[in-house]
Amino acid sequence: QVQLVESGGGLVQTGGSLRLSCAASGRTFSGYVMGWFRQAPGKEREFVAGIVWSGGSTFYATSVKGRFTVSRDNAKNTGYLQMNSLKPEDTAVYYCSSSTLLTTTPRNYDYWGQGTQVTVSS
């Protein structure tokens with residue numbers, strides 16, 4: 001059983017930065033994709049960024065490209081989402097997840113963390 005635990009959320013002003021962490025246990029992420037998603041109140045869960053664990057290839061939603069950076073630490077089996085130049089529209093609960101596919105579709109991700117709240121004040 002895979003467990004994912006996010007941390008690092010909080011309240012930040014517009015233009016600020018946060019770094020989210022996703023610690024994985026139960027198995028190594030090697031051979032999988034770690035995806036980051038977010039869900040704002042009343043909205044559907046949307047893809048933010050992803051990283052192919054083996055090799056480190058990354059992919060991003062257009063809305064965050066150039067501002068967010070996804071990375072991983074193999075030794076710690078932990079993924080990170082560095083978020084810079086934050087905007088009020090980035091406010092949401094952020095989730096990390098696991099998939100065997102290179103995909104941006106939430107239903108293709110099978111394990112999810114509990115989420116961490118990110119609030120950006122204007």
Side-chain angles (χ1 to χ4, degrees):
Q1 183 77 4
V2 176
Q3 289 190 322
L4 303 174
V5 179
E6 301 100 337
S7 61
L11 173 64
V12 65
Q13 292 186 332
T14 297
S17 299
L18 284 173
R19 189 177 82 153
L20 306 183
S21 299
C22 176
S25 61
R27 63 156 165 79
T28 176
F29 245 82
S30 179
Y32 292 83
V33 173
M34 177 177 281
W36 287 91
F37 291 78
R38 65 188 181 187
Q39 188 165 18
K43 295 188 176 182
E44 293 186 353
R45 191 166 298 190
E46 65 172 356
F47 171 78
V48 175
I51 184 165
V52 180
W53 206 260
S54 302
S57 298
T58 58
F59 49 113
Y60 298 91
T62 301
S63 59
V64 307
K65 194 172 294 185
R67 300 189 298 123
F68 291 11
T69 302
V70 61
S71 62
R72 89 280 195 237
D73 184 325
N74 286 328
K76 296 181 179 179
N77 214 31
T78 298
Y80 304 97
L81 184 67
Q82 176 67 44
M83 305 185 295
N84 298 329
S85 301
L86 283 161
K87 306 173 181 180
E89 51 264 43
D90 294 318
T91 295
V93 177
Y94 283 70
Y95 300 89
C96 65
S97 56
S98 170
S99 177
T100 58
L101 304 175
L102 186 64
T103 178
T104 62
T105 305
R107 61 180 170 82
N108 289 327
Y109 284 78
D110 45 10
Y111 293 101
W112 293 83
Q114 82 288 353
T116 185
Q117 176 71 46
V118 171
T119 303
V120 184
S121 63
S122 56

> What pair of heavy atoms forms the shortest contact from Ala24 to Leu4, and how long is it?
Replying inline: CB-CD2, 3.7 Å

> Under 6.0 Å from the CD atom of Gln3, do we count more than 12 heavy atoms belonging to anything else shown?
Replying inline: no

> Do Arg27 and Phe29 meet the cation-pi criteria used here (NZ or CZ under 6.0 Å from the six-membered ring centre, within 45° of the axis)?
Replying inline: yes

> Should Trp112 and Tyr80 be regarded as members of a common hydrophobic cluster, given that ILVMFWY residues are connected when their side-chain heavy atoms come within less than 4.5 Å of each other, either directly or indirectly?
Replying inline: no

>> Count I, L, V, M, F, W, Y as connected when their side-chain heavy atoms are under 4.5 Å apart, and connections chain through other members. Are Val118 and Val70 then in the same cluster?
In response: yes

> Taking all non-hydrogen atoms of both residues, which atom of Ser85 and which atom of Ser17 are closest, and how far apart?
Replying inline: N-OG, 4.4 Å

>> Assess the residue pair Glu6 and Trp36 against the criterion (side-chain contact (heavy atoms from CB on, under 4.5 Å)); give the C-alpha distance rounded to whole Å, side-chain angles, the decisive distance to 0.1 Å, and a yes or no.
In response: CA-CA 10 Å; Glu6 301 100 337; Trp36 287 91; 4.3 Å; yes

>> Nearest 0.5 Å, please: how far is OG1 in Thr91 from CD in Gln117?
In response: 7.5 Å

> Do Phe59 and Leu20 share a hydrophobic cluster, counting only Ile, Leu, Val, Met, Phe, Trp and Tyr and linking them when any side-chain heavy atoms are less than 4.5 Å apart?
Replying inline: no

>> Using side-chain heavy atoms (C-beta onward) and a distance below 4.5 Å, is Asn77 in contact with Ser25?
In response: no

> Relative to Phe37, does Arg45 satisfy both conditions: NZ or CZ under 6.0 angstrom from the six-membered ring centre, and within 45 degrees of the ring's axis?
Replying inline: no

> With hydrophobic residues grouped by side-chain heavy-atom distances under 4.5 Å, do Met34 and Phe47 end up in a single group?
Replying inline: no

> Looking only at heavy atoms, which two atoms of Thr78 and Lys76 are closest? And how far apart?
Replying inline: OG1-O, 2.9 Å

>> What I'd like to find out is whether the side chain of Ser63 reaches to under 4.5 Å of the side chain of Arg38, using heavy atoms alone.
In response: yes

> Do you know the tightest heavy-atom contact between Gly9 and Thr116?
Replying inline: N-OG1, 3.2 Å

>> My understanding is that only one of Ile51, Thr103, Val52 makes a side-chain contact (heavy atoms from CB on, under 4.5 Å) with Val33; could you say which?
In response: Val52

> Does Thr105 reach the main-chain N or O of Arg107 with its side chain, forming a donor-acceptor pair under 3.5 Å?
Replying inline: no

> Looking at side-chain heavy atoms only, is the closest gap between Tyr32 and Val2 below 4.5 Å?
Replying inline: no

> Could you give the distance from OG1 (Thr69) to CZ (Arg19), rounded to the nearest 0.5 Å?
Replying inline: 11.5 Å

> Quick one: does Val12's side chain get under 4.5 Å of Met83's, heavy atoms only?
Replying inline: no

> Which value, rounded to the nearest 0.5 Å, describes the distance between Thr104 atom OG1 and Glu46 atom CD?
Replying inline: 11.0 Å

>> For a quick check under 3.5 Å, do Ser30 and Ser54 share a side-chain donor-acceptor pair by atom type?
In response: yes

> If two hydrophobic side chains count as joined below 4.5 Å and joins carry through other members, does Tyr109 share a cluster with Tyr111?
Replying inline: no

>> Testing the basics here: between Gln39 and Tyr95, what is the closest heavy-atom pair and its distance to 0.1 Å?
In response: CB-CE1, 4.2 Å

> Atom CD in Gln82, atom OG in Ser21: separation rounded to 0.5 Å?
Replying inline: 9.5 Å

>> Can you tell me how far apart NZ (Lys87) and OG (Ser122) are? Round to the nearest 0.5 Å.
In response: 14.0 Å

> Considering all heavy atoms of both residues, which atom of Leu81 and which atom of Ala49 are nearest to each other, and what is their separation?
Replying inline: CD1-CB, 4.0 Å

